[in-house]
Amino acid sequence: MKVLIIEDEPPIADFIEETAQQVLGSELTSISKVHTVERALLFLSEHSIDVCLLDLNLNGKDGYDLLQHSVAGSFHTIIISAYTDQAVHAFEYGVLDFVPKPFDAERLQKAFDRYFNLSYRHDLAIRYLTVKDQSGIRVLDVNRFKYFMGADNYVEGYMTDGHMELLDKPIYRLIQILPHRFVQIHRSCIADIEHVKSFGHAGQGKYNLTLDSGEILPLSRSKYKALQKHFEVNPGIL
């Protein structure tokens, strides 16, 4: 695992580094530290990482511009901050966890456990998905998306207005931060359950799901059975 620490106070950055090394052990392949927004942006443009440990207050600067750059990446972001009143807002942007300062190894372990647990979904709903392209960073309302399709290390996000947005996060990382109404219906597909019109057997051992827009998505056998149980409990949804 490759980790980046973004923290403006060197002694605290050193403590975070030592604690991360203690928690991750042999899982850790590299760990880097930067202390300014400018160096953080440069590092992220030149290196690939798996987790960013981000302080939201860097030399008095609001960290939300940097947060938007961070959550747009393929990696997960864990906030480490004393400003606990900002936790809900940070989760709205799709961070994996918010670790309040001061913290110990046990609390940081919990944050990394969430990273490794691919079935983990946090309860504080994300409100925005951040995409990065040639025009810069754009923040989009997650409610505008109806489904996502995996495309190698990227994800194609299909919106209710017909547009498609390309997200850097792989599908197995994206599902960890999406609201619970988004369900992974296939290894390559996530759908908003509120847009499901019908689903069923498509012949030759295959299943599919139809959205209210008429689009047909792949559905795995195991997810077909899970959806059957879901709609038996919630029959008014379909």
Side-chain angles (χ1 to χ4, degrees), residues 1 50-51 71-77 91-97 112-133 138-238:
M1 173 187 283
D50 298 300
V51 174
V71 295
S74 61
F75 50 90
H76 268 319
T77 300
F91 275 114
E92 289 178 342
Y93 279 88
V95 302
L96 185 66
D97 201 356
F112 280 114
D113 285 346
R114 292 178 171 180
Y115 173 85
F116 288 111
N117 179 8
L118 296 183
S119 64
Y120 170 75
R121 307 282 295 273
H122 61 61
D123 293 327
L124 292 175
I126 180 176
R127 289 184 58 191
Y128 310 106
L129 283 175
T130 307
V131 298
K132 180 169 53 177
D133 55 27
R138 290 179 294 115
V139 178
L140 304 171
D141 189 333
V142 72
N143 293 322
R144 295 175 61 192
F145 290 87
K146 54 186 176 180
Y147 71 98
F148 302 90
M149 291 292 294
D152 296 323
N153 291 324
Y154 299 90
V155 169
E156 296 171 347
Y158 291 87
M159 308 179 76
T160 54
D161 62 3
H163 284 80
M164 187 274 285
E165 295 286 352
L166 199 62
L167 288 80
D168 279 344
K169 277 185 172 51
I171 205 159
Y172 67 94
R173 291 298 176 199
L174 180 63
I175 191 64
Q176 289 181 301
I177 60 172
L178 286 173
H180 287 278
R181 73 174 190 276
F182 286 92
V183 176
Q184 188 163 1
I185 61 171
H186 187 273
R187 57 185 170 80
S188 63
C189 187
I190 298 170
D192 183 345
I193 207 76
E194 294 181 0
H195 286 285
V196 174
K197 180 181 179 181
S198 63
F199 61 94
H201 192 259
Q204 298 182 339
K206 296 182 178 180
Y207 300 84
N208 59 33
L209 178 149
T210 303
L211 299 180
D212 51 15
S213 57
E215 290 155 296
I216 299 175
L217 306 179
L219 177 64
S220 71
R221 181 181 178 86
S222 62
K223 297 301 182 182
Y224 168 75
K225 292 181 178 179
L227 284 178
Q228 276 187 315
K229 292 181 180 179
H230 175 84
F231 288 117
E232 284 171 4
V233 176
N234 305 279
I237 295 180
L238 276 181

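Just so you know, these numbers use all the heavy atoms, side chains as well, and skip hydrogens, waters and symmetry mates.
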Item to complete: Might you work through the side chain to side chain contact (heavy atoms under 4.5 Å, CB included) test for Leu178 and Asp192, ending with a clear yes or no?
Response: CA-CA 10 Å; Leu178 286 173; Asp192 183 345; over 6 Å; no

Worksheet item: Does a sphere of radius 6.0 Å around CG in Asn153 hold more than 12 heavy atoms from other residues, nucleotides or ligands, not counting ones at 6.0 Å or beyond?
Response: no

Discussion item. Testing the basics here: between Pro179 and Arg121, what is the closest heavy-atom pair and its distance to 0.1 Å?
Written reply: O-NH2, 2.7 Å

Discussion item. Using 30° and 60° as the class boundaries, would you call the ring planes of Phe148 and Phe182 parallel, tilted or perpendicular?
Written reply: tilted

Discussion item. Can you tell me if Tyr154 has over 12 outside heavy atoms packed within less than 6.0 Å of its OH?
Written reply: no

Discussion item. Does Arg114 form a side chain to side chain contact (heavy atoms under 4.5 Å, CB included) with His76? I'd like the steps, not just the answer.
Written reply: CA-CA 10 Å; Arg114 292 178 171 180; His76 268 319; over 6 Å; no

Practice prompt. Working to the nearest 0.5 Å, report the span between SG of Cys189 and CE of Met149.
Written response: 5.0 Å

Worksheet item: Out of Thr210, Leu211, Val196, which residue meets the side-chain contact (heavy atoms from CB on, under 4.5 Å) rule with Leu217?
Response: Leu211

Worksheet item: Can you find a pair of side-chain heavy atoms, one from Phe91 and one from Asp97, that are under 4.5 Å apart?
Response: yes

Discussion item. When you measure from the centre of the six-membered ring of Tyr115, is the NZ or CZ of Arg173 closer than 6.0 Å and no more than 45° off the axis?
Written reply: yes

Discussion item. Could you walk me through whether Thr160 and His195 satisfy the side chain to side chain contact (heavy atoms under 4.5 Å, CB included) test, starting with their C-alpha distance in whole Å, then the side-chain angles of each, then the deciding distance to 0.1 Å, before giving a yes or no?
Written reply: CA-CA 10 Å; Thr160 54; His195 286 285; 3.9 Å; yes

Response to the item:
On a heavy-atom basis, the closest approach of Val71 and Lys169 is O-NZ, 2.8 Å

Discussion item. Tell me whether the count of non-hydrogen atoms from other residues, nucleotides or ligands lying under 6.0 Å of CZ in Arg221 goes above 12.
Written reply: no

Discussion item. Quick one, Val131 and Leu166 - any side-chain contact, counting heavy atoms below 4.5 Å?
Written reply: no

Worksheet entry | Ring centres under 6.0 angstrom apart (Tyr207, Phe199) | no

Worksheet item: Is it the case that Tyr158 and Glu156 place a side-chain donor and acceptor less than 3.5 Å from each other?
Response: yes

Worksheet item: Is it the case that Tyr172 and Arg187 place a side-chain donor and acceptor less than 3.5 Å from each other?
Response: no

Discussion item. Using the rule given for side chain to side chain contact (heavy atoms under 4.5 Å, CB included), can you reason through Leu129 versus Tyr93, listing the C-alpha separation, both sets of side-chain angles and the distance that settles it, and then say yes or no?
Written reply: CA-CA 7 Å; Leu129 283 175; Tyr93 279 88; over 6 Å; no

Response to the item:
Exactly one of Arg181, Glu194, Arg127 clears side chain to side chain donor-acceptor pair (under 3.5 Å) with Asn143, and that residue is Arg181

Response to the item:
CG (Leu209) and CG (Leu219) are apart, to the nearest 0.5 Å, by 6.0 Å

Discussion item. Atom NE2 of residue position His201 - does it have more than 12 heavy atoms of other residues, nucleotides or ligands inside 6.0 Å?
Written reply: yes

